[in-house]
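One structure below.
The sequence lines fix the lettering, A, B, ..., with proteins before strands; numbering per chain opens at 1.
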Number of protein chains: 2
Amino acid sequence: MNRQSETSDEWIYDQVFSAVLEQRLIPGAKLKESELCSVFGVSRTIIRRILLRLSLDKVVELRPNKGAVIATPAAEDVRQIFAARRLLEIGIIDDACEHCTSEDVAALKEIVNRENTAIQTGNRSGAIRLAGEFHVELARVARNRPIQELLRQLVAQSSLALALYEAPGHLLCVDEDHINIVEAVSAGDAAKSRDLMARHLEKAEAEMKLEAPVDSNDLKSVFADVIEARANA
Amino acid sequence: MNRQSETSDEWIYDQVFSAVLEQRLIPGAKLKESELCSVFGVSRTIIRRILLRLSLDKVVELRPNKGAVIATPAAEDVRQIFAARRLLEIGIIDDACEHCTSEDVAALKEIVNRENTAIQTGNRSGAIRLAGEFHVELARVARNRPIQELLRQLVAQSSLALALYEAPGHLLCVDEDHINIVEAVSAGDAAKSRDLMARHLEKAEAEMKLEAPVDSNDLKSVFADVIEARANA
DNA sequence: TGTATCATTTTCGTATACAATTTTATTTAA
DNA sequence: TTAAATAAAATTGTATACGAAAATGATACA
């Protein structure tokens, strides 16, 4: 049976990737091949290929002979993730301002609107997902695919980081940052856009407690190091 | 037979990746699975996994039902590749200056020395490869893995771009740029380093003729668009 | 001679078989 | 009862089988 590989593959990949973005899959979650097989109705060949792709995205960790788990980025990883995001997202602002068309503005506003709706309706998954989408869309507007691709990965990794290190009691603050950035970019004001983006990213990183690492009410996170040690024993 | 997958996989991947870096594999070259199987003595399962990884690096193009070929980046791709490189490599200079240890300086100088030796002995493959290695090493010195990884891919893609668009008669000019950058970085002079890097990258991109695209004496490149059109027919 | 159609061979895509490793369960001894 | 040892089950890693698609070559016909 030669399936329409391209499509089916992409669909399954997106399903898992989305689950990570929406934090329905959290760090440490085990991804058994046979389970994924029955869920998606394909053979292990396909599932294995998708797990490999996700592992190259640093969203899944492939432990030889021990199966795949959702990745658990260390504090240092998270610092590098955000350092990279600052570099990329501030760096592309010039190009975003330069190339931004009216269609681009519409697309950006559409995302921000849906994001705000999600926030107001208490749809946390949707809000997280759309917030990430916004940042990736901005890279698309800047017309730079390599950077867009990396940002897509970094946004997903940020979602994992947030699940691990988010300061308690934060939860869905309504945020004017995104819409302000859209306005500045569509006005072609690169300096202002850069400044807004810089502060926005700082804010995001500040919401995490990278020193006192763990999320209190999730045993998997609390004992992540123990699990890691035992897993490698 | 459960092979020591990790190692064997990595080795084969590196072999192919290196061949691209050294331009022993040029854009359009066909990678038949069965041939790779016999060359490396593994089954198609392994080869297929490696081809997938290389395709995610944008070094190989996977054409459904038509096999894998070494990628042929379009002129617009190359512009984005170099735009991304400028952004990344200039952007990491601050961190490189900040984190650069004496071991790092030694490692950088070692690469530059080997590069110059390669140039002087007419070892074109080695020179291209080491030039790329230098840029990736600088990202390592900056202590940012995500960016280092992307740069590794972009350097390989640059090698393909060079094979396609290099201005004729260029060939291995001895270059003081790299050693100057090492000096500036190890002295902690970020401003100077940035300036040197910016001009170095501009020079590299200027060596290519992205408007009059093709490499004259390679039919595969000359008729790349025709091939592409027919392949998709 | 050149072109179109058909058969043959090659190559690719997925599922599956089987070996090796890890995990879990059970038994046994202290 | 706990802990170690062993057996059973589950899971992963690689090779291979087989169907589908594409490339190649042969034949018929204008």
Round to the nearest Å and state the distance from [X] atom [atom1] to [N] atom [atom2].
| X | N | atom1 | atom2 | answer |
| --- | --- | --- | --- | --- |
| B:K32 | D:dA22 | NZ | P | 17 Å |
| B:E61 | C:dC12 | CD | P | 14 Å |
| B:R44 | C:dT11 | CZ | P | 11 Å |
| B:R63 | D:dA23 | CZ | C1' | 11 Å |
| A:E33 | D:dT11 | CD | P | 10 Å |
| B:N65 | D:dA22 | CG | C1' | 7 Å |
| B:E35 | C:dT11 | CD | C1' | 11 Å |
| A:D9 | C:dC12 | CG | P | 17 Å |

Which nucleotide, [options], lies nearest any side-chain atom of [X]?
| X | options | value |
| --- | --- | --- |
| A:S43 | C:dC12, D:dT14, C:dT16 | C:dT16 |
| A:V42 | C:dA15, D:dT12, C:dT14 | C:dA15 |
| B:T45 | C:dT11, C:dT14, D:dT14 | D:dT14 |

### Query
Can you name the side chain to side chain contact (heavy atoms under 4.5 Å, CB included) partners of A:L25, sequence neighbours left out?
A:V16, A:A19, A:V20, A:A29, A:L31, A:I70
### Query
Salt bridge or not for A:R85 and A:E205, using N-O below 4.0 Å?
no
### Message
Between A:E149 and A:R145, does any side-chain N to carboxylate O distance fall below 4.0 Å?
### Response
no
### Query
With B:R143, which residues qualify under salt bridge (charged side-chain N to carboxylate O under 4.0 Å, His left out), at least two apart?
B:D104
#### Entry: B:K30 side-chain N/O to C:dC12 phosphate OP1/OP2 under 4.0 Å
yes
